[in-house]
Amino acid sequence: MSGWKRVRLDGRARAWPGTEREGRVVEVVIQHGAADIAALVADEIEKLLAAKPDAVLGLATGSSPLAVYDELVRRHEAGRISFARARGFMLDEYVGLPDDHPERYRNVIEREIASRVDFAPGAVQGPDGNSDDLLGACEDYEAAIAAAGGVDLQILGIGTDGHIAFNEPGSSLASRTRIKTLTSQTRTDNARFFDGDVERVPRHCLTQGLATIMSARHLVLIATGTGKAEAVHQLTEGPVSAMWPATVMQHHPHATVLVDDAAASRLQLGAYYREVFATKPAWQGL
Ligand code: F6R
């Protein structure tokens with residue numbers, strides 16, 4: 001917006017005390033549909049990779065990020081984005097799915113994004129849900145993320161029960177990568193990936209903890225459809241509580257929640273969020 005003077009801050013001071021942002025708990029961006037959301041998120045990733053070609057991306061599985069991955073592939077094919085020096089860390093992995101199972105998250109990420117762009121071999125990692133030493137695998141995963149310098153931009157979806165990654169209700173807000181038991185709600189939600197058979201959805205997973213996710217420098221959560229409306233309302237407007245694990249994001253200095261009209265339908269301040277986004281200074285980006 002003309003007339004606004006951008007205040008330049010160094011990377012560390014940029015987020016708090018909020019000179020560049022309004023300091024709302026999370027920034028809610030309401031769009032008409034998944035394609036509009038995907039374009040905004042891809043813009044942010046394109047900008048990040050242009051400024052920092054060896055950026056570390058946090059990659060979610062599930063349906064929510066698929067339109068973003070398709071848009072990134074389009075931009076890669078058009079020569080606009082390269083992942084050649086970037087690295088990726090997955091959020092979570094089922095325990096005990098055979099290595100070649102199509103729903104093993106490592107295979108999903110390979111299929112949906114890693115193999116479609118120019119990530120170097122081994123540049124995308126996930127926790128090893130088939131390790132003989134699951135606790136050791138969790139520790140190794142935390143160490144690998146730290147050794148990479150932490151995640152620059154973390155893509156997230158949200159469960160209907162408010163989970164992020166597989167941090168189910170009741171998860172410690174201070175949790176790190178660990179083994180979790182999935183709720184029956186999550187297993188029912190995910191049965192669509194297992195021919196509708198909830199019994200085939202694993203009961204256990206390895207997941208980044210809430211504190212692990214909170215260590216990423218920018219959190220970008222995508223939610224579409226009325227099924228996510230209550231979780232989005234709690235995430236942005238409810239009290240911070242382990243009962244709605246995503247609410248921990250209210251403590252993050254740079255968290256963006258992109259929702260379609262349906263997922264925004266329970267928001268009390270929806271009209272205000274639309275107005276803020278429509279009038280925000282262009283230089284702020286997401
Ligand atoms: C996936 C993940 C989960 C999903 C969530 C929403 O890696 O961590 O938190 O993001 O279950 O799933 P979808 O996007 O399929 O509705």
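Both ligands and their constituent atoms are indexed starting at 1 by order of listing.
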N or O contact, [X] vs ligand 1, cut-off under 3.5 Å:
| X | result |
| --- | --- |
| Asp92 | yes |
| Phe166 | no |
| Asn190 | no |

**Item:** Residue Arg203 excluded, over 12 heavy atoms near CZ under 6.0 Å
**Value:**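 No, not enclosed.
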Contact partition for [X] relative to ligand 1, non-hydrogen atoms under 4.0 Å:
| X | result |
| --- | --- |
| Arg192 | side chain |
| Leu156 | neither |
| Thr61 | both |
| Met90 | neither |

**Request:** Can you spot which of Asp118, Asp43, Asp70 makes a salt bridge (Lys or Arg N to Asp or Glu O under 4.0 Å) with Arg75?
**Result:**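 Answer after filtering Asp118, Asp43, Asp70: Asp43.
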**Asked** Do Glu27 and Lys280 meet the salt-bridge criterion of a basic N to acidic O distance under 4.0 Å?
**Response**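 Between Glu27 and Lys280 there is a salt bridge, with a charged N closer than 4.0 Å to a carboxylate O.
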**Prompt:** Salt bridge or not for Glu77 and Arg74, using N-O below 4.0 Å?
**Reply:**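 So Glu77 does not pair with Arg74 through a salt bridge.
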**Request:** Using heavy-atom distances, let me know which of Gly62, Ala165, Gly157, Ser63 sits nearest atom 3 (C) of ligand 1.
**Result:**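 The residue whose heavy atom sits nearest atom 3 (C) of ligand 1 is Ala165.
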**Asked** Between His101 and Phe194, is the ring centre distance below 6.0 Å?
**Response**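 Ring-ring flag for His101/Phe194: true, centres closer than 6.0 Å.
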**Asked** When you check the side-chain N and O atoms of Ser171 and Arg178, is any donor under 3.5 Å from an acceptor?
**Response**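 Result is yes, a qualifying pair exists.
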**Prompt:** Going by atom types only, do Gln185 and Asp189 share a side-chain donor-acceptor pair under 3.5 Å?
**Reply:**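 Side chains of Gln185 and Asp189: pair found under 3.5 Å.
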Closest protein heavy atom (residue, atom, distance) for [atom]:
| atom | result |
| --- | --- |
| atom 5 (C) of ligand 1 | His163 NE2, 3.4 Å |
| atom 6 (C) of ligand 1 | Ile158 O, 3.4 Å |
| atom 14 (O) of ligand 1 | Ser64 OG, 2.5 Å |

**Request:** May I have all residue pairs that pass salt bridge (charged side-chain N to carboxylate O under 4.0 Å, His left out) and include part of residues 127-143, sequence neighbours excluded?
**Result:**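 Sorted result for residues 127-143: Glu142-Arg176.
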Show me the donor-acceptor pairs within less than 3.5 Å that the side chains of residues 28-36 make with the rest of the protein, sequence neighbours left out.
{"from": "His32", "atom 1": "ND1", "to": "Asp261", "atom 2": "OD2", "distance (Å)": "3.0"}
{"from": "Asp36", "atom 1": "OD2", "to": "Gly33", "atom 2": "N", "distance (Å)": "3.4"}

**Prompt:** Quick one: which ligand 1 atoms are inside 4.0 Å of a heavy atom on Leu91?
**Reply:**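 The atoms of ligand 1 under 4.0 Å from a heavy atom of Leu91 are 8 (O).
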**Item:** Those atoms of ligand 1 less than 4.0 Å from some heavy atom in Lys228
**Value:**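 Ligand 1 atoms under the 4.0 Å threshold to Lys228: 6 (C), 13 (P), 16 (O).
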